[in-house]
Amino acid sequence: MRTSSSRRAPGRTRRTALAAVAALTAGAALLTGCGGDGGDAAEDGKITLRVGTFGSFGYDDKTGAKLYAEYERTHPNIKIVESNVADGQKYWDTLKLRLSRNSGLADIQAIEVGYIAEATGSAMADKWVDLSKTGGADLGAFLDWKVKQATTADGKVIALGTDIGPMAICYNKELFAKAKLPTERTEVGRLWAGDWQKFLEAGKTYQKNAPAGTFFHDSGSGLFNAVVNSDPQQYADASGELAWETSPGVKKAWDTAVAAAQGGLTAKLRQFDEKGTWNAAFKNAKFATVACPSWMTGIIKDQAGSANQGKWDIAAPPVAGNWGGSFLAVPKSGKHAKEAAELAAWLTAPEQHAKVFAVNGNIPSTKDTLSSAAVLGAKLPYFGDTPVGQIYAAAAAQIKPAPISRWDGQVKTFLTDNGILDIEQRGTDPAKAWENVRKLVDDKIDQ
């Protein structure tokens with residue numbers, strides 16, 4: 001899944017300094033909270049394998065597919081402990097710090113697609129176990145482009161694919177009805193078919209009749225991500241070099257998000273914020289739509305809660321795209337790298353992909369699973385009779401992976417959290433916000 005975010009502020013201001021201190025403090029806390037160097041051997045002879053994740057991977061035994069419990073039953077010598085961080089950017093910053101120190105790493109570390117090019121780059125490539133050599137993983141089962149993304153220049157496969165992020169638009173049927181918009185998913189999709197500008201027009205129609213205190217869309221940053229991830233050129237050029245300033249995809253996404261923010265169509269929320277404001281807005285029905293890669297369905301279920309079950313539906317997006325998707329990697333420095341590689345291979349096998357999708361909505365990155373009856377016929381109870389499997393499998397078939405650079409995730413964070421969010425929440429002039437982002441990229445990224 002893709003949940004990368006950051007709290008850095010634009011410019012070299014007091015906010016920047018405070019944010020840096022906060023980030024270091026948070027990083028230290030995360031390092032402390034995650035324990036030592038990978039797994040432990042307990043007094044009873046069991047091996048404890050630690051799994052570091054962000055967002056919602058759907059493996060856990062509380063709201064997920066209960067894969068950890070299943071693996072422990074068939075491997076009685078293994079105990080699995082997951083350490084989860086909501087903020088993907090903070091997770092990655094801390095993971096890089098751990099890798100540089102070879103300390104504090106989990107046995108398995110999740111990596112989001114926005115950072116996989118950095119993870120496979122020369123500075124990090126040797127930090128990971130080559131999972132093409134450990135056995136257990138059938139690399140041929142994965143989408144070819146997914147394996148390629150996790151392959152180093154010298155042919156090592158440093159991570160195994162979890163999910164991909166084909167997009168749709170999730171919408172609150174009750175709010176749409178109150179705003180006098182259609183509620184049937186096919187009709188809703190027609191409102192904006194083929195054009196993100198039509199999506200904005202639908203938003204204007206919604207706001208004219210919107211229930212008090214509600215907005216058409218949750219977040220300008222979320223809209224930016226949806227638009228840029230539907231374009232064949234995003235942050236990098238065809239050679240994998242960073243080219244965000246001249247990217248037509250970035251320009252289109254920026255202009256669309258700015259128009260939504262300045263037009264009063266968004267709830268001005270920061271997705272995955274630590275205070276839980278965005279989460280609470282799901283529960284309190286403060287917005288009518290959210291850009292909805294497949295993994296977002298699990299978040300809606302968990303955050304909107306039982307009181308809103310059946311109120312959300314899923315429509316086709318204006319333009320097909322892929323937002324997110326992740327990988328599992330095994331650091332070389334772990335005490336139980338062999339056992340960790342076996343668990344990573346099992347968690348990412350087609351059978352487990354299908355189980356996670358059935359519970360959490362994460363679309364598999366394995367070819368046969370995508371076309372299986374288990375996926376195509378899947379419905380998520382929270383969304384009633386919505387043909388979730390068909391919708392996302394059809395969207396997945398249209399994915400055309402864009403080139404990626406090692407800096408995609410960081411630049412995306414600057415554009416959203418330090419650009420779009422400042423326009424939404426502080427009224428910053430868009431030209432000034434863009435310049436702030438450019439300065440941040442120049443200052444923070446050594447190309």
Side-chain angles (χ1 to χ4, degrees), residues 1-3 30 33-35 38-39 46-88 91-92 95 105-113 116 131 136-138 141-142 146 150 159-165 272 293-303 324-331 334 336 339-366 369-370 374-375 378 380-382 388 392:
M1 65 173 294
R2 184 165 192 154
T3 58
L30 288 170
C34 203
K46 283 190 175 184
I47 293 171
T48 298
L49 294 179
R50 302 186 184 278
V51 182
T53 65
F54 54 90
S56 176
F57 275 70
Y59 301 148
D60 66 279
D61 300 331
K62 185 177 180 181
T63 62
K66 299 180 172 55
L67 295 189
Y68 296 145
E70 181 179 346
Y71 193 82
E72 288 171 348
R73 284 195 299 272
T74 58
H75 297 75
N77 65 317
I78 299 292
K79 176 179 175 59
I80 303 169
V81 177
E82 180 180 278
S83 176
N84 179 268
V85 178
D87 190 316
Y91 168 90
W92 178 246
L95 176 54
L105 291 159
D107 297 282
I108 295 174
Q109 295 281 177
I111 302 175
E112 202 263 349
V113 67
I116 194 64
L131 296 173
D138 179 7
F142 293 92
K146 190 75 172 178
L160 302 175
T162 57
D163 60 326
I164 55 178
F272 310 102
S294 50
W295 46 262
M296 187 69 77
T297 60
I299 292 171
I300 293 172
K301 175 194 69 174
D302 292 343
Q303 302 306 330
S326 297
F327 303 81
L328 297 183
V330 177
H336 303 288
E339 291 82 1
E342 291 171 353
L343 174 58
W346 186 83
L347 288 170
T348 57
E351 296 81 4
Q352 279 59 257
H353 277 181
K355 294 169 188 173
V356 170
F357 175 72
V359 173
N360 218 51
N362 295 15
I363 279 284
S365 59
T366 42
T369 319
L370 272 172
V375 169
L380 300 177
Y382 194 85
V388 177
Y392 282 113

Open item on the list: Any side-chain to backbone donor/acceptor pair from Y59 onto E82? Under 3.5 Å, distance only.
Closed with: no
- [ ] Please list all pairs passing the ring pair (Phe, Tyr, Trp, His ring centres under 6.0 Å) test where one or both residues lie in residues 66-87, with sequence neighbours left out.
- [x] Y71-H75, Y71-W346
Task: Considering all heavy atoms, the nearest H336-L49 contact - done: CB-CD2, 3.9 Å
Open item on the list: Less than 4.5 Å apart, side chain to side chain, heavy atoms only: is that true for L95 and L105?
Closed with: yes
Open item on the list: Quick one, L160 with F142, criterion side chain to side chain contact (heavy atoms under 4.5 Å, CB included). Give me CA distance, side-chain angles, the key distance, then yes/no.
Closed with: CA-CA 9 Å; L160 302 175; F142 293 92; 4.2 Å; yes
- [ ] Search all heavy atoms of A159 against all heavy atoms of A329 and return the closest pair with its distance.
- [x] CB-CB, 4.0 Å
- [ ] To the nearest 0.5 Å, tell me how far E339 CD sits from I47 CD1.
- [x] 4.0 Å
Open item on the list: Please evaluate residues D60 and N84 with respect to the criterion side chain to side chain contact (heavy atoms under 4.5 Å, CB included), reporting the C-alpha separation (whole Å), side-chain torsions for both, the decisive distance (0.1 Å), and the verdict.
Closed with: CA-CA 10 Å; D60 66 279; N84 179 268; over 6 Å; no
TODO: Identify the heavy atoms of S326 and F54 that sit nearest to each other, and give their distance.
DONE: OG-CZ, 3.5 Å
Open item on the list: Donor-acceptor check, side chain of Y392 to backbone of V375, threshold 3.5 angstrom: yes or no?
Closed with: no
Open item on the list: Between N362 (side chain only) and H353 (backbone N and O only), is there a donor and an acceptor less than 3.5 Å apart?
Closed with: no
- [ ] Please answer whether the main-chain N or O of R50 pairs with a side-chain N or O of D107 as donor and acceptor at a distance below 3.5 Å.
- [x] yes
TODO: Determine, step by step, whether S56 and N360 satisfy the side chain to side chain donor-acceptor pair (under 3.5 Å) criterion, reporting the C-alpha distance in whole Å, the side-chain angles of both residues, the deciding distance to 0.1 Å, and the verdict.
DONE: CA-CA 8 Å; S56 176; N360 218 51; 3.0 Å; yes
Task: Main-chain N/O of D163 paired to K146 side chain as donor or acceptor, under 3.5 Å - done: yes
Task: Distance, nearest 0.5 Å, that separates CG of L343 from CD1 of I108 - done: 4.0 Å
Task: From L380 atom CG to F357 atom CZ, the distance as rounded to the nearest 0.5 Å - done: 6.0 Å
TODO: For residues I111 and W92, report the shortest heavy-atom separation together with the two atoms involved.
DONE: CG2-CZ3, 4.1 Å
- [ ] Please confirm whether the backbone N or O of A141 pairs with a side-chain atom of T366, one donor and one acceptor, at under 3.5 Å?
- [x] no
Open item on the list: Taking P331's backbone N and O only, do any of them form a donor-acceptor pair with Q109's side chain (distance below 3.5 Å, no angle check)?
Closed with: no
Task: Gap between atom OG1 of T369 and atom CD1 of I363 - 0.5 Å precision - done: 10.0 Å
Task: Gap between atom CD of E342 and atom CD1 of I78 - 0.5 Å precision - done: 8.0 Å
- [ ] Can you see which heavy atom on A86 is nearest to which on F272, and at what distance?
- [x] O-CB, 4.4 Å
- [ ] Supply the atom-to-atom distance K66 NZ to E72 CD, rounded to the nearest 0.5 angstrom.
- [x] 13.5 Å
Task: Whether S83 side chain and G52 backbone form a donor-acceptor pair below 3.5 Å - done: no
Task: Distance-minimising heavy-atom pair for T297 and S294 - done: OG1-O, 2.8 Å
